[in-house]
Structure formats: structure tokens, C-alpha cells
Amino acid sequence: MVVALPDTSSPAHKEFSIPSAYQTAIAQYNRATEHLNIDDNVIEFLRYPRREFTVNFPVRRDNGKFEMFTGYRVHHNTILGPSKGGIRYSTAVTLDEMRALAMWMTWKCALVNIPFGGAKGGVVVNPKELSQPELERLTRRYASELIPLISPHSDIPAPDMGTNERVMAWIMDTYSMTVGYSVPAIVTGKPIIIGGSQGRTEATGRGVIITMIEALKQFGHRDRAETTLVIQGFGNVGSNAALYAHELGFKVIGVSDVFGGIYNPNGLNIPAVRDFARNNGSVADYPDGDPVSNADLLTLPCDVLIPAAMEGQITAANAPHIRTRMIVEGANGPTTPDADDILNDRGVLVVPDILANAGGVVVSYFEWVQDIQAFSWDKDEVFRQLERILVRAYDETTHVAEKQRVDLRMAAQMTAIMRVAEAMQIRGFYP
Ligand code: NAD
């Protein structure tokens with residue numbers, strides 16, 4: 001017997017209750033597999049995470065006292081290769097959230113055709129409440145607890161919400177000190193000086209804009225300077241998407257972070273917003289724009305809305321009020337299944353997370369390859385290969401969407417699930 005999966009049948013749209021990320025991931029999987037002609041045994045197998053790891057561990061605070069923390073690592077699937085997935089530091093981290101994010105990683109890697117399975121990890125912590133030495137002790141202890149699970153050939157972590165290249169460097173060092181030699185390929189998204197890749201920091205945000213440009217082609221030619229973007233979240237994904245869009249001449253009219261947002265219908269000077277956020281810790285009080293709450297930001301009139309913060313932001317409650325032609329999902333799981341239905345009925349094009357934000361894992365794959373070969377590529381080469389892979393994945397997804405008469409999320413999930421299922425059938429069930 002396996003434990004029960006979440007109930008996805010609750011009428012969330014009637015109550016405006018927001019499904020959890022795992023309910024969303026399972027509901028999407030159920031929808032996609034209804035359209036697929038694959039063996040029921042494989043469908044059932046892929047519905048479950050392969051491994052789930054929970055660890056409770058002590059961290060010495062600066063005042064000398066010890067505090068217990070809980071961390072997770074979930075491997076959803078390793079049929080196509082070693083599992084790959086970020087590490088999140090947030091007080092909202094749960095085992096269910098890790099299961100959802102690990103499953104989405106499996107589909108994302110399969111969709112862009114890179115030889116990885118899906119994983120995700122996290123620690124229940126607000127990293128902003130820890131000093132730098134406390135954060136380092138927490139990271140090193142969590143990393144050492146993960147050692148039975150991770151290696152360059154089995155599971156390769158990367159940054160996600162609340163973690164960054166600094167955290168990746170501590171994980172790389174902890175692993176290397178344990179095995180006795182330097183192992184750059186143990187994590188991706190680390191500083192370039194210790195084996196990180198050119199372009200990894202910008203990769204996810206850049207990929208969001210590459211897929212947006214492909215999607216905009218469906219609406220015919222429009223001057224970039226007249227094409228308006230609103231972006232929720234100004235961290236790694238949101239800020240890099242905003243900067244690249246600005247550099248290409250698009251008009252970014254609204255951005256936000258956890259503290260609030262700013263809106264200027266004439267367009268924001270994004271490099272100046274980035275500098276302001278660096279100096280003040282938030283975009284919220286940027287002077288050349290009007291303040292706007294995160295809730296109101298999502299319903300601003302714009303051509304493209306980019307949720308780039310977290311799950312469950314576009315729901316049945318706000319989907320009817322969203323005033324955009326297109327949503328490009330920088331975050332994982334920002335749109336609930338009920339909201340998807342409403343947006344589809346309203347003719348809003350949604351470029352799904354597993355396609356739109358895949359740029360990060362694509363360049364993580366390049367980083368892993370470079371580390372294993374001990375050979376580094378220049379930035380132009382990284383960006384050229386990134387664009388090639390994302391445009392191909394976008395074309396393949398739209399081809400399936402047109403042929404099967406389904407939306408892009410369904411097409412992306414179907415394409416990815418078919419690939420993993422095919423590999424599963426060729427490898428066979430062990431033993
Ligand atoms: P980050 O920690 O660098 O930034 C997160 C941003 O969201 C911050 O600006 C934060 O203030 C904001 N935020 C947090 N809670 C919010 C809330 N309730 N309302 C509005 N804004 C809020 O994280 P990131 O790496 O940019 O990741 C953002 C999303 O993109 C996550 O869903 C993550 O899983 C996904 N993602 C990240 C990568 C990557 O390479 N970093 C790759 C693929 C997907």
C-alpha cells in the first residue's frame with residue numbers, strides 16, 4: 001500500500017479556496033494523462049515521488065543556543081538521468097510543496113530534452129532572520145545530512161527561493177570536504193570562480209523573455225516599446241526577466257516584491273529600480289512610480305503578466321479580473337487549475353512554468369556538463385544554446401497544442417509525460 005495522494009476533487013472554485021501546490025501538480029497530471037494513451041501501470045508509477053527524505057537537525061545560533069530545523073529532499077523520478085532541482089529556504093516549505101516542485105522538475109527536464117529527473121529540497125526557515133554565520137552553519141549541516149542522497153551522478157541541487165550562489169558554494173564545499181577532493185558538479189548555480197557557468201544567474205529570467213517573444217508572435221507584430229509587461233517578484237527570476245525585457249526595448253510598467261509593488265504606465269527604468277532595490281532591500285518605495293499592492297498588481301492592464309514569485313497567485317478569485325492577453329509563468333505553479341479554466345475561457349494565453357522558466361535548469365545542465373568536462377564555455381555560447389533549446393521546446397509544445405487541440409500547459413505536460421513514460425517502458429519495471 002502507498003500513502004494517499006491529495007484529494008483534487010474538492011470544488012475549490014466554488015469556495016475560492018486555494019489548492020496546495022501538490023493538489024495543483026496532481027490535478028494537472030490527472031488532466032494530462034486523460035489525453036494520453038499510455039500503460040496504466042506507468043501512469044500510476046509516475047504519479048508518486050520515488051524518494052522522500054526528512055531531516056531534523058540542530059543549528060547553533062550566535063547566542064550559543066541550539067535550535068532545531070526541518071529540511072526535506074524529494075526525488076520524483078530518475079528515469080531520464082540523475083535528479084535535478086533547487087533548494088528552497090522559506091517558512092512556507094512543506095513536504096507536499098517539495099513533492100509538487102519535484103514532479104514539475106521531472107516534466108520540465110523532459111520537456112526541454114535534458115537528461116535529468118526531478119527533485120526538490122528545502123528547509124523551513126526564514127533566511128533573512130539568520131545572520132550570515134548562522135545561515136552557513138544551517139546550510140552546511142543540511143548539506144551533510146543530504147550526502148546519502150546527492151552526488152554529481154545521482155542528484156544535483158541548485159538555488160531556488162531564498163537560496164543563492166553563496167549557499168551553493170557552501171554546499172559544494174561541504175560535499176567536497178566530506179569526500180576529500182573538490183567536486184564542482186555536485187551543485188549548479190554556484191559562483192563562476194568555483195565552477196559556475198557564465199549566464200546561469202540570468203538564465204531563468206532570460207528564458208522567460210525568450211518564451212514570451214515566441215508567444216507574442218501569435219499576436220502579430222507589435223512595437224516592443226508599446227508592449228507592456230507587469231512582473232510579480234523581483235528576485236533572481238523576476239529581476240533578470242525585467243532587465244532583459246528592458247534591454248530588448250519592452251515597456252515594463254509594474255514590478256513587485258514581498259513588501260509591495262510600483263506602477264508607472266509610462267514604463268519603469270528597470271536598471272534604476274534594480275539599484276534602488278539593492279540599496280533599500282525592496283522595490284516598494286521606488287520614487288518614480290505609484291505604489292501598488294501585490295494583489296492589485298496582478299490585475300493591472302498589460303500585454304504580458306509574469307508571475308515570478310511563488311505558487312498559487314492566480315486563482316479562481318482573481319482570474320476573472322486579470323487584464324492581460326498573456327501570462328508567462330516565471331514562478332513554479334503560480335496558476336491554479338480552476339484559474340487555468342477561467343483564463344482559457346477568457347482567451348488569455350498561458351505559457352506554462354515547465355516551459356517558461358526552464359531556462360534555469362537548461363543552463364544548470366550546461367554548468368554540470370562543463371564541470372564534468374572541466375571545460376568552460378563563454379557567455380555568448382551559453383545564451384545561444386539556451387535560446388536554441390527553448391525555442392525548439394516552444395515549437396514542439398505549440399505543435400502538440402495545435403494537433404491535439406489543447407492549451408499550452410496541457411501540451412507541455414503531455415509532451416513531457418510521454419517522454420518519461422516511453423523511457424520507463426523501454427527500461428522496464430525493476431526487477
Ligand atoms: P528569489 O528568492 O530570488 O525571489 C523571490 C521574489 O519573490 C522576491 O522578490 C520576493 O520578495 C518575492 N516574493 C516572495 N513572496 C512574495 C509574495 N507573497 N508576494 C509577492 N512577492 C513575493 O526566488 P527566485 O529564484 O526568483 O524564484 C522565484 C520563483 O521562480 C519560484 O517559484 C521558483 O521556484 C521559480 N524558479 C526559480 C528558478 C531559478 O533559477 N532561481 C528557476 C525556475 C523557477
Side-chain angles (χ1 to χ4, degrees), residues 18 21 24-25 84-93 97-98 100-105 107-109 111-112 118-122 125-128 157-168 187-190 196-197 199-208 211 230-243 254-262 273-274 277-278 280-284 292-298 306-315 318 328-335 352-365 367 386 390:
I18 301 173
T24 297
K84 187 88 190 74
I87 289 180
R88 179 173 287 196
Y89 286 175
S90 159
T91 50
V93 161
E97 185 188 49
M98 298 296 105
L101 291 161
M103 189 180 216
W104 284 324
M105 283 304 293
W107 311 144
K108 194 181 301 182
C109 295
L111 181 66
V112 292
K120 206 76 180 191
V125 60
N126 178 354
K128 295 211 160 78
D160 191 76
M161 256 177 86
T163 59
N164 54 23
E165 61 173 35
R166 179 74 274 209
V167 172
M168 293 306 115
V187 286
T188 58
K190 57 194 170 292
S197 177
R200 174 60 185 89
T201 308
E202 305 95 312
T204 312
R206 194 178 180 100
V208 168
T211 56
V230 167
I231 304 178
Q232 184 198 40
F234 206 72
N236 174 281
V237 181
S239 69
N240 282 298
L243 284 162
V255 297
S256 72
D257 58 32
V258 69
F259 303 106
I262 42 162
V273 176
R274 187 250 339 253
R278 270 189 190 153
N280 298 277
S282 170
V283 300
V292 59
S293 70
N294 263 294
D296 291 343
L297 181 105
L298 294 175
I306 301 178
M310 57 188 300
E311 302 100 73
Q313 294 301 295
I314 301 171
T315 65
N318 62 8
V328 185
E329 296 183 332
N332 287 308
T335 311
D353 45 10
I354 61 170
L355 176 59
N357 71 32
V361 78
V362 169
V363 177
S364 274
Y365 166 60
E367 181 171 331
L386 168 67
L390 289 182

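Note that ligands are numbered from 1 as they come in the structure, with each ligand's atoms numbered from 1 the same way. Fair warning: this is a prediction, and the values are worked out from it, not measured in the lab.
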- [ ] Compute the shortest N/O to N/O distance between Thr204 and ligand 1 and return yes if it is under 3.5 Å, no if not.
- [x] yes

TODO: Could you tell me whether the side chain of Thr163 and the main chain of Ile87 form a donor-acceptor pair under 3.5 Å?
DONE: yes

TODO: Number the atoms of ligand 1 from 1 as they appear, then name those within less than 4.0 Å of a heavy atom of Gly162, with their elements.
DONE: 2 (O)

Open item on the list: Assess whether a salt bridge exists between Glu311 and Lys120, defined as any Lys/Arg side-chain N lying under 4.0 Å from an Asp/Glu carboxylate O.
Closed with: no

Open item on the list: Quick test of your reading of the model: are Glu165 and Arg200 salt-bridged, counting only N-O distances below 4.0 Å?
Closed with: no

TODO: Give yes or no for whether the N/O distance cutoff of 3.5 Å, strictly under, is met between Ala308 and ligand 1.
DONE: no

- [ ] Decide whether an N or O pair under 3.5 Å exists between Met310 and ligand 1.
- [x] no

- [ ] Please say whether Arg200 places an N or O atom under 3.5 Å from an N or O atom belonging to ligand 1.
- [x] yes

Open item on the list: Could you tell me if Asn357 and Asn332 have a donor-acceptor pair between their side chains, going purely by distance under 3.5 Å?
Closed with: yes

- [ ] Indicate yes or no: does an N/O atom of Asn357 lie under 3.5 Å from an N/O atom of ligand 1?
- [x] no

Open item on the list: If you measure every N or O of Arg88 against every N or O of ligand 1, does any of those distances drop under 3.5 Å?
Closed with: yes

Open item on the list: Need the ligand 1 atom indices (1-based, order shown) with element for anything under 4.0 Å from a heavy-atom of Gly330.
Closed with: 30 (O), 35 (C), 44 (C)

Open item on the list: Are any of the N/O atoms on Glu311, whether in the backbone or the side chain, positioned under 3.5 angstrom from an N/O atom of ligand 1?
Closed with: no

